[in-house]
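All chains are named by letter (A, B, ...) in the order of the sequence lines, taking the proteins before the strands, and each is independently numbered beginning at 1.
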Amino acid sequence: MSFLLGTTLLAIVTALACALPGAFVVLRRNSMLVEGIAHAVLPGIVVGFALTHDLNSPWLIFGAALAGLLVVLSNEWLIRTGLLIGDAPQGLVFPALFAGGVILLSLDLSHVHLHTEVILVGDLNLAAFRQLVVNDVSIGPRYLYVMLCVLAVNIAFIAALYPKLKITTFDPEFAATLGLRTQLLNTAFMFLVSVTVVAAFHAAGALLVISLLVVPAATAHLISHRLSVMLGLTAAFAVVGTLSGFWIAYVLNAATSAGIALFYGVMFVAVAFADKLATKLRRKRRVEVDKSAQGTKPAVSEAKQLDRSRSKNKPQVAE
Amino acid sequence: MMDPIEFFGNHTFRMVFLGTSVIGLVAGALGSFAYLRKQSLISDVVAHSALPGALLAFLAAVLVLEVNGRNMLGLLVGAIITGTLSALFANTIASRTKIRIDTAMAISLTMFFGGGMILLRIISQGQFPGKGGIDEYLFGNASVITIADLTTIIAVGALALILMVVFWKEFALRTFDPDFSTLLGFRARAIDTLMFTTIVIAIVIGVKAVGVVLMIAFVVTPPAAARQWTNTLPSMVALSGVFGAAGSAFGAYISVSLGSVPTGPVIVLTLFLIFLISLFAAPRRSIIATALRQARARETLRRELRSETVDK
Amino acid sequence: MTAAALACHTRNLSVAYRAEPVLHHVNFEVPVGSVMGVVGPNGSGKSTLIKAMLGLVTPLTGRSEFFGHPLDKVRQRIGYMSQSTSVDWDFPTTVSDLVTMGTYGELGWLRRPGRAERGRAIAALERTGIPDLANRQIGELSGGQRQRAFLARSLVQEPDLYFMDEPFQGIDAKSQQAMIEVLKDLSLQGKTIVIVHHHLATVRDYCTHVTLLNGSIVASGPSAEAFTKDNIRIAYEVREGAEAFLETAG
C-alpha cells in the first residue's frame with residue numbers, strides 16, 4: 001500500500017472512530033467534557049510510556065484512558081457537592097492534569113520526546129510511519145489496524161446498546177425508572193470515549209481530537225430529526241470533511257488535524273447557513289398561506305379556530 | 001528552595017514573578033464574572049482562539065509595518081480580536097441553531113485553534129524575522145517577559161480592572177438577573193460586549209507568559225475557590241484576584257527554584273491546590289463544613305426524638 | 001374605553017419560539033387601577049405575554065403601550081417581579097443588595113446606589129415583613145422569603161404598574177398573606193397590577209379583572225364577565241364531566 005493511501009485511510013478510520021460516539025457526546029451535552037478528557041490523557045500517556053516504552057501499546061491506551069475517565073468522574077462528583085455552579089466543574093480538573101503531564105514531560109523522566117506540536121495536534125504521518133508488513137508486502141500502517149480495532153469496538157458498543165444509549169440520552173430519569181443502570185452505562189460510554197481519544201491522540205493530539213468527535217455530529221444534528229439518520233450523516237460528514245481537510249493540510253504542509261478541524265468548522269457553518277435559508281423559505285411560504293387565510297375570515301373567529309386546532313384530539317366543548 | 005534575596009536580585013526572576021502575579025490578579029478577578037454567568041469554559045475557547053490573532057498580529061507587524069513581530073501590544077490587539085470573535089461565534093451558534101452552548105464552544109474552539117496551528121506552521125516554515133520561539137505562545141514562557149511587556153501587561157490589566165469597577169453595578173445586575181436588567185432599560189448587548197471584552201483582555205494578557213492552552217486555569221480556578229469563602233460579590237471578586245495573584249507568585253517562585261520546570265504548569269497546580277483546600281476546608285461552605293453541619297443537625301434531631309420517647 | 005384610562009395595552013401580539021407559535025394575535029388591555037389576573041393552562045403563554053410586552057422576548061408582530069407611551073418612555077413607571085426560578089439563588093449577594101437593584105433603573109449607567117437607595121431597600125423589606133433578613137445571603141431564604149424579597153425589589157422601583165409572574169408559586173401561607181396585604185395596599189393607592197396566576201380557586205379573591213389565555217385570548221374583562229365556567233372550560237380544554245374540578249374554581 002502506498003504511504004499516501006495508507007495515511008489517508010488512517011485519517012478516515014480515525015475520523016469515523018471518533019465521530020460515531022461523538023453523536024452521543026453531542027446529544028448528551030458532553031462536548032466540553034471531551035476537551036477535558038483529551039487534555040487529561042497526557043499524563044496518562046507520559047506515565048504509560050515510561051512503563052511500556054511503546055506508544056502503540058494497548059496497555060498504554062487503556063491506562064491513559066483511565067486518566068480521561070478521572071475527568072468524567074471528578075466532574076460528576078464536583079457537581080454533586082453542590083458547591084460549584086455552571087460549567088466550572090468541567091474546567092477545574094483537566095488543566096491541572098494537563099499541567100502535570102507537561103511537567104512530567106519537562107522532567108524527561110520517561111524519555112518520551114514528544115514535540116509540543118505533536119502533543120497538541122498530533123502527527124498523522126508519524127503515526128502512519130510504521131508499516132505492517134506481511135510476507136514482505138506492506139499492507140498499510142500498523143496504526144491503521146489499531147484504529148480499525150477501536151472503530152470496530154465503537155460500532156459494536158453502539159450497535160449492541162443502541163436502544164439503551166438512546167433512552168438514557170433522551171431521558172435519563174425515565175431510563176432509571178425502567179431499571180436501566182444509567183450510571184454504569186454512562187461511565188462505560190465515557191470510558192469508551194476516553195479510549196477513542198487516547199487512540200486518536202497520535203493522529204489529532206490533545207486539542208483537536210475534540211473536533212473529530214464533536215463537529216461532524218453537530219453538523220448532522222443541524223439537519224436530522226432522527227437518531228439513526230443523524231448517525232449516518234455524522235459518518236458521511238466525517239469522511240467528506242476528513243478528505244477535504246487532509247487535502248488542505250497537504251497543500252499548506254500543515255498538521256493534518258489542523259486542516260481537518262478548520263474544514264470541519266467551515267462545513268458546519270455552511271450547513272447551518274443552508275439550513276437557516278431553507279427554514280426561512282418554509283416560514284415565508286407559511287406566512288403567505290396564513291395571510292391569505294386571514295384575508296377571507298374575520299379576526300375574531302381565528303382565535304377560536306386556533307383553539308379548535310389545538311384541542312383537535314379532545315372532545316369539543318359546546319359553544 | 002531558593003533564597004528570596006537571590007530570587008528578587010535577579011532581573012529575569014523579578015519579571016517572571018511580577019508578570020505572572022499581575023496576570024493571576026486580573027484573570028482571577030474577572031474570571032468571577034465568567035464563573036457567575038456559568039460560562040467558565042468560554043475562557044478556554046477565548047484563550048485557544050487568541051492563538052490565530054496573536055500570529056496574525058505577528059504577520060501584520062512583520063510584513064506590513066516591518067516592526068518587531070513579537071511586541072506585546074500587537075499581540076494583545078490581535079488576540080483580543082480573534083478571542084472576542086470566537087466567543088461571539090460560539091454564542092451565535094447556540095442562539096441561532098439548535099446546537100447547545102457546550103458543542104458550540106467546542107466547534108468555535110477547534111475551528112479557531114485549527115486555523116492557528118496552520119498559521120503557526122506557515123510562519124515556522126517561512127522566512128520571517130523574529131519567528132524563533134513563536135510556538136511559545138502555546139505553553140507560554142514567563143522568562144522572556146521584558147520590562148516593556150510587563151508595563152503593557154500592567155497597563156492593559158489595569159484598564160480591564162478599571163472597566164470592571166466603573167461598570168460594577170451594570171455587570172452585577174446583568175450577571176444576577178439579565179431580564180430585570182433589560183427591563184430597567186440597560187442595553188443587554190452593550191453590557192455583554194463590555195463585560196466579555198474585559199474578560200477577554202484578562203485572558204489574553206497571559207498568552208505570552210502562560211500560553212493559550214493553560215490560561216483557562218487562571219480564569220476558572222480562583223473564582224471557584226474564592227466562592228467557598230465569601231458571600232458577597234465584592235468580596236468574592238477581591239478574594240479571587242488575591243488567590244490568582246498569590247497562586248501565581250508562589251508557583252512562579254517554586255518553578256524558578258526548581259530550575260528546569262516550566263512556570264505556567266506549576267502555577268496551574270498551585271491554583272488547583274488552593275481550590276482543593278477551599279473546596280474541602282472553607283469554614284462556612286465546603287465539604288467538611290457541610291458534613292459537620294449535617295452531623296450536628298442529625299445529632300440534635302436524635303436528641304429531640306429521644307427526649308420525646310422519654311416524655312411518653 | 002379610551003386609551004387614557006388604560007395602564008397598558010397590546011395589539012395583535014404574536015410570539016414564536018424558533019418556529020413554534022406561542023401567542024397568536026393577542027389583544028390585551030389593562031385598565032388603570034385594576035388587578036388583572038392572567039390565567040391559563042401550562043404552556044398557554046402567560047409568562048410569554050408579559051415578557052413580550054416588556055421587551056424581554058422579541059415578538060413577531062404587535063406593539064405594546066404603557067400609559068399611552070412606548071415602553072422606553074415610561075420604564076420608570078413599570079415594575080417587574082420575575083419568577084423566582086429565573087435567577088441563581090446561590091449568587092453571592094445579600095438580600096438588601098438584591099432589593100437595592102430595584103433602584104438601578106433610575107440611577108442609569110454609572111451612578112451608584114448610595115445611602116438613600118439602601119434606605120429605600122430596607123423600607124421595602126419592612127413592608128414585606130422581612131427587614132431582619134437584610135444581611136443574609138439570598139441562598140439562605142425559604143421559598144416564601146425569596147418571593148417577598150423579589151416583591152420588595154419591585155416596590156423599590158415605586159412604579160405605577162406592576163407585572164408579577166407567578167408570585168405565589170411554592171410559598172408558605174404566612175408569606176402569601178403578607179404579600180396579599182401589600183398587593184391590597186398597592187391597589188388602594190390606585191396602582192395597577194398584572195399578575196400571572198395558576199391557582200384558579202383564588203383568582204376571584206385577588207383580581208378585579210381576569211384574562212383567560214390559551215395561545216390566544218379566550219376571554220378578558222372584569223372578573224364577573226370573563227371568569228365564567230364556560231370560558232374556563234374553553235381555556236383549559238376541559239372535558240364534559242370534569243365538573244368537580246371546575247367547582248373548586250368557583
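Ranking B/L271, B/I216, B/I118 against chain A, the residue ahead of the rest is B/I118, based on heavy-atom pairs under 4.5 Å. Counting heavy-atom pairs closer than 4.5 Å to chain A, the top-ranked of the candidates B/V220, B/T103, B/V268, B/L273 is B/T103. Chosen from A/L222, A/I210, A/V215, the residue pairing most often with chain B at heavy-atom distances under 4.5 Å is A/L222. Top candidate by heavy-atom pairs under 4.5 Å with chain A, chosen from B/L276, B/L109, B/I42, is B/L109. Each of A/G86, A/G265, A/A258 has some count of heavy-atom pairs under 4.5 Å with chain B, and the biggest count is that of A/A258.
Although no hydrogens or angles enter the test, the distance criterion places a donor-acceptor pair under 3.5 Å between the side chain of B/Q228 and the main chain of A/L83. Of the possible polar contacts, none joining the B/S108 side chain to the B/M105 backbone as a donor-acceptor pair under 3.5 Å is found. Counting only distance, with no hydrogens or angles, the side chain of B/S240 and the backbone of B/G28 share a donor-acceptor pair below 3.5 Å. When atom types are taken as modelled, the side chain of B/T82 and the backbone of B/S49 share a donor-acceptor pair closer than 3.5 angstrom.
With a 4.5 Å cut-off on non-hydrogen atoms, A/L212 does not touch chain B at all. For A/V269, the part lying under 4.5 angstrom from a heavy atom of chain B is the side chain only. Proximity to chain A is limited to the side chain of B/L214, based on heavy atoms less than 4.5 angstrom apart. Contacts of B/L279 with chain A are made by both backbone and side-chain atoms, with heavy-atom separations under 4.5 Å. With a 4.5 angstrom heavy-atom cutoff, B/L36 touches chain A via backbone and side-chain atoms both. For chain A, the nearby part of B/F89 is the side chain; its heavy atoms alone come within less than 4.5 Å. Neither the backbone nor the side chain of A/F263 comes within less than 4.5 Å of any heavy atom in chain B. Residue contact with chain A, scored on non-hydrogen atoms closer than 4.5 Å, involves the side chain of B/F272 exclusively. No part of B/V219 comes within reach of chain A, as not one of its non-hydrogen atoms sits under 4.5 angstrom from that chain.
Interface residues of residues 73-80 of chain A toward chain B, defined by a heavy-atom distance below 4.5 Å and sorted by number: A/W77, A/L78.
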Practice problem: Would you please test B/N231 and B/R285 for side-chain hydrogen bond (donor to acceptor under 3.5 Å, both in side chains) and show each step? | Solution: CA-CA 10 Å; B/N231 260 340; B/R285 253 177 86 99; 5.5 Å; no
Practice problem: Could you check B/R100 against A/S31 for side-chain hydrogen bond (donor to acceptor under 3.5 Å, both in side chains), going step by step and ending with a plain yes or no? | Solution: CA-CA 9 Å; B/R100 296 191 199 91; A/S31 298; over 6 Å; no
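Applying the side-chain hydrogen bond (donor to acceptor under 3.5 Å, both in side chains) test to every pair with at least one member in residues 246-274 of chain A, sequence neighbours left out, gives these pairs: A/T242-A/Y264. Within the structure, every pair that satisfies the salt bridge (Lys or Arg N to Asp or Glu O under 4.0 Å) test and touches residues 35-54 of chain B, not counting sequence neighbours, is listed here: B/R37-B/D192.
Counting heavy atoms from C-beta outward, B/L120 and B/Y137 have side chains that stay 4.5 Å or more apart. Between A/F189 and A/V25, some side-chain heavy-atom pair lies under the 4.5 Å cut-off.
Between the side chains of B/S255 and B/T263, a donor-acceptor pair is found at a separation under 3.5 Å.
A search for side chain to side chain contact (heavy atoms under 4.5 Å, CB included) contacts involving B/A225 returns B/F243, B/I274, B/F275, B/S278, not counting sequence neighbours.
Ring geometry, A/H39 versus A/F94: the interplanar angle falls from 30° to 60°, so the pair is classed tilted.
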